[in-house]
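Residue numbers begin at 1 in each chain, while the letters A, B, ... track the order of the sequences.
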Number of protein chains: 2
Amino acid sequence: MHPTIPIAVVNPQRPGARAEVRCGLCSFNKLCLPQGLDEHDMGRLDQIIVRRRRVLRDESLYAMGQSFHSLYAVRLGHFKTAQVNRRGEQQITGFHMAGDLLGMEAIGSGQHSCAAVALEDSEVCEIPFARLQELVLQVPPLMQHFHRTMAREIQREQSVMLFLGNMRAEQRLALFLLSMGARYAARGYSPASFQLRMSREDIGGYLGLTIESVSRLLARFRKQGWISLDKREVSLLDLAGLERLSLGVAGEAEDGGVGGGEAGNQPDYAAPRAA
Amino acid sequence: MHPTIPIAVVNPQRPGARAEVRCGLCSFNKLCLPQGLDEHDMGRLDQIIVRRRRVLRDESLYAMGQSFHSLYAVRLGHFKTAQVNRRGEQQITGFHMAGDLLGMEAIGSGQHSCAAVALEDSEVCEIPFARLQELVLQVPPLMQHFHRTMAREIQREQSVMLFLGNMRAEQRLALFLLSMGARYAARGYSPASFQLRMSREDIGGYLGLTIESVSRLLARFRKQGWISLDKREVSLLDLAGLERLSLGVAGEAEDGGVGGGEAGNQPDYAAPRAA
DNA sequence: CGTCATATTGAAAGATGTCAACAGAGGTGG
DNA sequence: CCACCTCTGTTGACATCTTTCAATATGACG
């Protein structure tokens with residue numbers, strides 16, 4: 001039951017396959033920049049996308065401090081974006097998959113304030129920003145969609161702030177798993193079975209936890225039957241339970257039937273700080 | 001030495017004074033949407049700003065879930081934006097002062113995902129978004145600046161993620177004070193002496209800490225001579241020290257000379273989680 | 001079969017939250 | 001003008017979650 005199974009209409013190119021570069025033929029165009037454009041406008045967008053660029057695992061698409069020229073749409077694969085302190089601590093600001101747009105944070109300053117690193121061999125479409133700005137003036141629906149895309153990024157980050165600021169480790173991890181599932185679902189894959197493309201360290205870096213905490217928490221989720229886990233292959237066995245967990249309703253929650261073990265030794269504290 | 005003193009060219013209207021509504025005469029236009037526009041274009045922007053709106057202390061400019069129609073530029077006063085959990089926990093996503101633009105997070109979904117509440121009697125300029133979209137098509141520099149503004153918001157939030165995810169309470173608070181100072185400096189006020197417009201609870205809500213932690217930390221900063229503090233009036237006495245603190249270089253840091261008290265009982269731990 | 005990176009697990013320490021009592025400011029009404 | 005009340009902020013003692021430090025798997029790769 002673990003393997004990640006596409007359950008719907010997507011048609012992901014194998015890496016290395018000779019793929020068509022036109023947006024109209026990309027299986028993720030509904031999620032991406034051309035969303036809502038007609039054939040003609042999509043063609044104009046095609047014309048400014050200079051090339052398809054491959055990024056190998058652990059390579060960076062752009063580095064922190066690098067000057068900004070283009071946005072990138074993930075075509076295939078996964079990326080993380082990370083910001084590094086002057087002291088070397090790393091905050092993962094997001095994980096990105098097919099259809100996501102990368103680089104927007106750099107528009108303000110002309111410099112990338114975080115690095116984008118491929119979590120596996122990946123491909124992106126490069127969109128020169130200057131040309132996009134011109135095109136957007138001629139294609140109002142594209143501009144509107146671009147605005148929505150940036151705004152959604154703002155909103156996404158606010159929800160990260162919410163869990164970094166307010167939630168316990170357990171809740172954060174449950175929410176993380178659920179949200180990964182939801183994103184895969186939006187791409188036609190199973191919301192409950194998928195492969196974690198990132199290391200435990202990256203998960204920790206994203207959730208504001210140490211790698212040990214992540215590891216322990218995952219082990220606990222597994223023992224309690226919320227999830228099954230084999231290396232990076234994960235299945236969410238009890239979505240409702242995870243949801244309850246993410247809301248902080250720890251404690252009694254039905255035992256899950258598996259393992260039978262040490263449930264009940266969690267205090268049923270109510271809320272982490274709050275009035 | 002505590003009172004907040006304008007040290008430069010700003011000319012804030014007193015609340016209640018009959019103020020000119022044109023952007024060209026607003027002392028914050030350099031920080032706001034009309035940044036970089038010529039007289040003519042600024043006039044066109046003026047025409048779509050429907051009215052100046054007053055928001056009394058504790059009133060909300062918009063509520064969570066409310067449908068989105070307009071952006072708002074803070075003209076006078078201060079706001080907080082806050083997101084609330086299904087469980088009632090509150091995450092303050094930002095504090096906003098004159099020249100800041102509010103409401104961008106709602107562009108994506110058409111619904112406000114956070115509430116904006118006035119921290120004191122305030123005034124905003126309302127900018128109907130549909131009309132802004134039209135205008136932006138006719139005034140490319142305005143569009144570009146609008147994009148930069150949204151992008152800066154993305155970047156700002158990423159830096160909040162960085163400190164919520166990676167930094168200790170002490171560092172967060174130091175950074176918060178410094179950043180407030182920097183923002184006042186950008187508006188022509190003293191970077192070192194200002195009034196905290198928000199409650200301790202709001203500070204905690206922003207920094208992901210309890211009110212008690214904030215209170216204790218402020219007391220410690222004061223005792224160690226980093227700051228002086230009288231109710232909500234704060235002076236940053238040792239900017240370099242606070243900066244070092246925000247970097248996590250706790251420990252020996254020169255005693256500040258004041259109070260003389262219990263310095264040295266902080267462990268000189270190095271980094272909060274990191275490799 | 002070593003070596004390295006990644007992940008798991010245990011024990012102990014420590015930072016921050018929780019609970020509780022209290023102080024001071026400001027407002028209200030007698 | 002004073003008593004009273006509420007709201008905000010301060011401080012203390014204690015609980016506990018999460019980190020830190022350390023040892024030990026596990027798998028990939030030569």
Hey, are the side chains of [X] and [Y] touching, using non-hydrogen atoms and a 4.5 Å cut-off?
X: B:Tyr62; Y: B:Thr81; result: yes
X: A:Arg232; Y: A:Arg197; result: no
X: A:Leu218; Y: A:Arg222; result: no

- Message: Could you report the tightest heavy-atom contact between B:Asp202 and B:Phe95, atom names first, then the distance?
- Response: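 Where B:Asp202 meets B:Phe95 most closely, the heavy atoms are O-CZ, 3.6 Å.
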
- Task: Choose from D:dG9, C:dG26, D:dA28 the nucleotide whose nearest atom is closest to any side-chain atom of A:Lys231.
- Result: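 Out of D:dG9, C:dG26, D:dA28, the nucleotide with an atom closest to A:Lys231's side chain is D:dA28.
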
- Quick one: which of D:dT11, C:dA7, D:dG9 gets closest to the side chain of B:Ala219?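 Side chain of B:Ala219 sits closest to D:dT11.
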
Rounded to whole angstrom units, what separation is found between the [atom1] atom of [X] and the [atom2] atom of [N]?
X: B:Leu229; N: D:dT8; atom1: CG; atom2: P; value: 17 Å
X: A:Asn166; N: D:dC17; atom1: CG; atom2: P; value: 17 Å
X: B:Leu207; N: C:dA15; atom1: CG; atom2: C1'; value: 16 Å
X: B:Leu217; N: C:dA15; atom1: CG; atom2: P; value: 12 Å
X: A:Glu201; N: C:dA5; atom1: CD; atom2: C1'; value: 10 Å
X: A:Arg57; N: D:dA28; atom1: CZ; atom2: P; value: 12 Å
X: A:Met167; N: D:dC17; atom1: CE; atom2: C1'; value: 15 Å
X: A:Glu170; N: D:dC17; atom1: CD; atom2: P; value: 9 Å

- Chi angles and distances behind the side-chain contact (heavy atoms from CB on, under 4.5 Å) call for B:Arg187, B:Arg183: CA-CA 7 Å; B:Arg187 284 159 180 77; B:Arg183 293 170 72 188; 3.9 Å; yes

hbond_proxy [X] side chain to [N] base (donor-acceptor, 3.5 Å cutoff):
X: B:Arg222; N: D:dT11; answer: no
X: B:Glu212; N: C:dC19; answer: yes
X: A:Arg168; N: C:dG17; answer: no
X: A:Arg216; N: C:dG10; answer: yes

- Query: Think A:Ser213 has a side-chain N or O under 4.0 angstrom from the OP1 or OP2 of D:dT19?
  - Reply: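 Yes.
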
- Query: Are A:Thr210 and D:dT19 close enough that a side-chain N or O sits under 4.0 Å from OP1 or OP2?
  - Reply: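 Yes, A:Thr210 has a side-chain N/O under 4.0 Å of OP1/OP2 on D:dT19.
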
- Message: Within the 4.0 Å heavy-atom criterion, would you say B:Arg172 contacts the bases, only the backbone, or no part of the nucleic acid?
- Response: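 Nothing, no heavy atom under 4.0 Å.
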
